[in-house]
Amino acid sequence: MNSTHRQWQRLTAAVRRAPEERSATAPYGFATRVAARAFAVQASSSPVLERFALRAFGLACLLAMLGVAANYSLLRNNVPEEDRFFITDDPAAILLDVS
Amino acid sequence: MSENEAFDLPGCLERVRKREQLAARNLVEHLYPLVIRIVRSHLPRRVAEEDLAQDIFLKMFTRLEQYQGTVPFSHWVSRIAVTTCIDQLRAQKRRPEFRWADLSEKEAEVLDNVLTNENDVAPDDALEARELVHKLLDQLKPDDQLVIRLLDLEQKTILEISELTGWNSSLVKVRAFRARRKLQKLFADLQRKERS
């Protein structure tokens, strides 16, 4: 063991013997503040996107339904004459009827 | 029955996961002595110990869902505390070269005694020795500081340091070797220019 190592060991041994005069208990209000901040951070950060996405989905559904409702009569009246056959005459129903 | 034995940690964690404020407060109060001891051992300059302790607890709550129970909860929290401290140490600027003039009169006296005779440091000088050691360790890189603090001041084993830091045993040994060599050089420089 060289001399510098021994010098360092003597210093660190003295440090280990040094009394700890500072308190090891949480200061008044510390735990309350930390707990409140922890829950506030969790509540505000993680589900933000989730909540935003759900609201956006709901809004999109509502807009789609409003769009269909507003244009329902137009859609119904604008079906070309040649397509009405396919819409009103269900091939399965015709087949069953025949049988 | 001691306070630690009386504390129902699994029950408390369960209630914290259900977002009970009282349980979270109890958990912070229960773990504070452990966390503040680590913070005080590795506290970077110009960082308030309470602020650093708060950062550690906030990280703990954020990552609580990741805790699987494979290691004791106190070990898991200690690791968060150590890695948070080392992140802070890495963020701070390197201290300028160590000089005798940086020491108080009493600290210089303690260092002088250590360098010039073989006697142990007097118990009355323990607090000055602590300041002196912190100033000397400030000269090392953050990772090297951490290893030396854990090895020489807290007398942890290589395995314990490995668990606390996440570094493998070989890396811990290499860092310890490098840090000791730097300390030796520092002591040699100090002896050469002793109070010059």
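In what follows, chains carry the letters A, B, and so on, assigned in the order in which the sequence lines appear, proteins first and then strands, with residues in each chain numbered from 1.
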#### Entry: Per-residue contact mode, B:Val110 against chain A (heavy atom under 4.5 angstrom)
side chain

#### Entry: Toward chain B, the part of A:Arg22 with a non-hydrogen atom under 4.5 Å
both

### Task
Look at B:Asp55 together with B:Lys59 and state whether they make a salt bridge at an N to O cut-off of under 4.0 Å.
no

### Query
Side chain, backbone, both or neither: which part of B:Arg180 has a non-hydrogen atom closer than 4.5 Å to chain A?
side chain

### Message
Between B:Glu50 and chain A, with a heavy-atom cut-off of 4.5 Å, which part of the residue counts as in contact: side chain, backbone, both or neither?
### Response
both

### Message
Please verify the inter-ring angle class for B:Trp76 with B:Tyr67; under 30° counts as parallel, over 60° as perpendicular, anything in between as tilted.
### Response
tilted

### Message
With a 4.5 angstrom heavy-atom cut-off, is it the side chain or the backbone of B:Ile36 that approaches chain A, or both, or neither?
### Response
side chain

### Query
Under a 4.5 Å heavy-atom cut-off, does chain A meet the side chain of B:Ala53, its backbone, both or neither?
both

### B:Glu20 portion near chain A, given a 4.5 angstrom heavy-atom threshold
backbone

### Summary
So, the part of B:Leu137 with a heavy atom under 4.5 Å from chain A: the answer is side chain

### Query
Taking every heavy-atom pair that is under 4.5 Å apart, which of B:Leu22, B:Leu186, B:Val28 has the most such pairs with chain A?
B:Val28

### Task
Take the angle between the ring planes of B:Phe7 and B:His30 and call it parallel below 30°, perpendicular above 60°, tilted in between.
parallel

### Query
If you count heavy-atom pairs under 4.5 Å with chain A, which of B:Ala122, B:Pro123, B:Ala129, B:Ala23 comes out on top?
B:Ala129

### Query
Where does B:Ile148 contact chain A at under 4.5 Å (heavy atoms): side chain, backbone, both or neither?
side chain

#### Entry: Contacting moiety of B:Asn113, where chain A heavy atoms sit under 4.5 Å
backbone

### Message
If I measure from the heavy atoms of chain A, does B:Leu31 come under 4.5 Å with its side chain, its backbone, both, or neither?
### Response
neither

#### Entry: B:Thr83 side chain vs B:Arg79 backbone, donor-acceptor pair below 3.5 Å
yes

### Task
Pick one of side chain, backbone, both or neither for A:Thr25, based on which atoms fall under 4.5 Å of a heavy atom in chain B.
backbone

### Query
Any luck finding a side-chain donor-acceptor pair between B:Glu131 and B:Ser104 under 3.5 Å?
no

### Message
With a 3.5 Å distance limit and no angle check, can you tell me whether B:Asn168 reaches the backbone of B:Leu171 through a side-chain donor-acceptor pair?
### Response
yes

### Shared hydrophobic cluster for B:Val174 and B:Ile86 (ILVMFWY, side-chain gaps under 4.5 Å)
no

### Query
Within the side chain of A:Arg10, is there an N or O that forms a donor-acceptor pair under 3.5 Å with the backbone of B:Val114?
yes

### Task
May I ask you to decide whether B:Asp87 forms a salt bridge with B:Arg90, counting only side-chain N to carboxylate O separations under 4.0 Å?
yes

#### Entry: Proximity breakdown for B:Glu49 and chain A, heavy-atom pairs closer than 4.5 Å
side chain

### Task
Please check if the side chain of A:Arg17 supplies one atom and the backbone of B:Ala126 the other of a donor-acceptor pair under 3.5 Å.
no

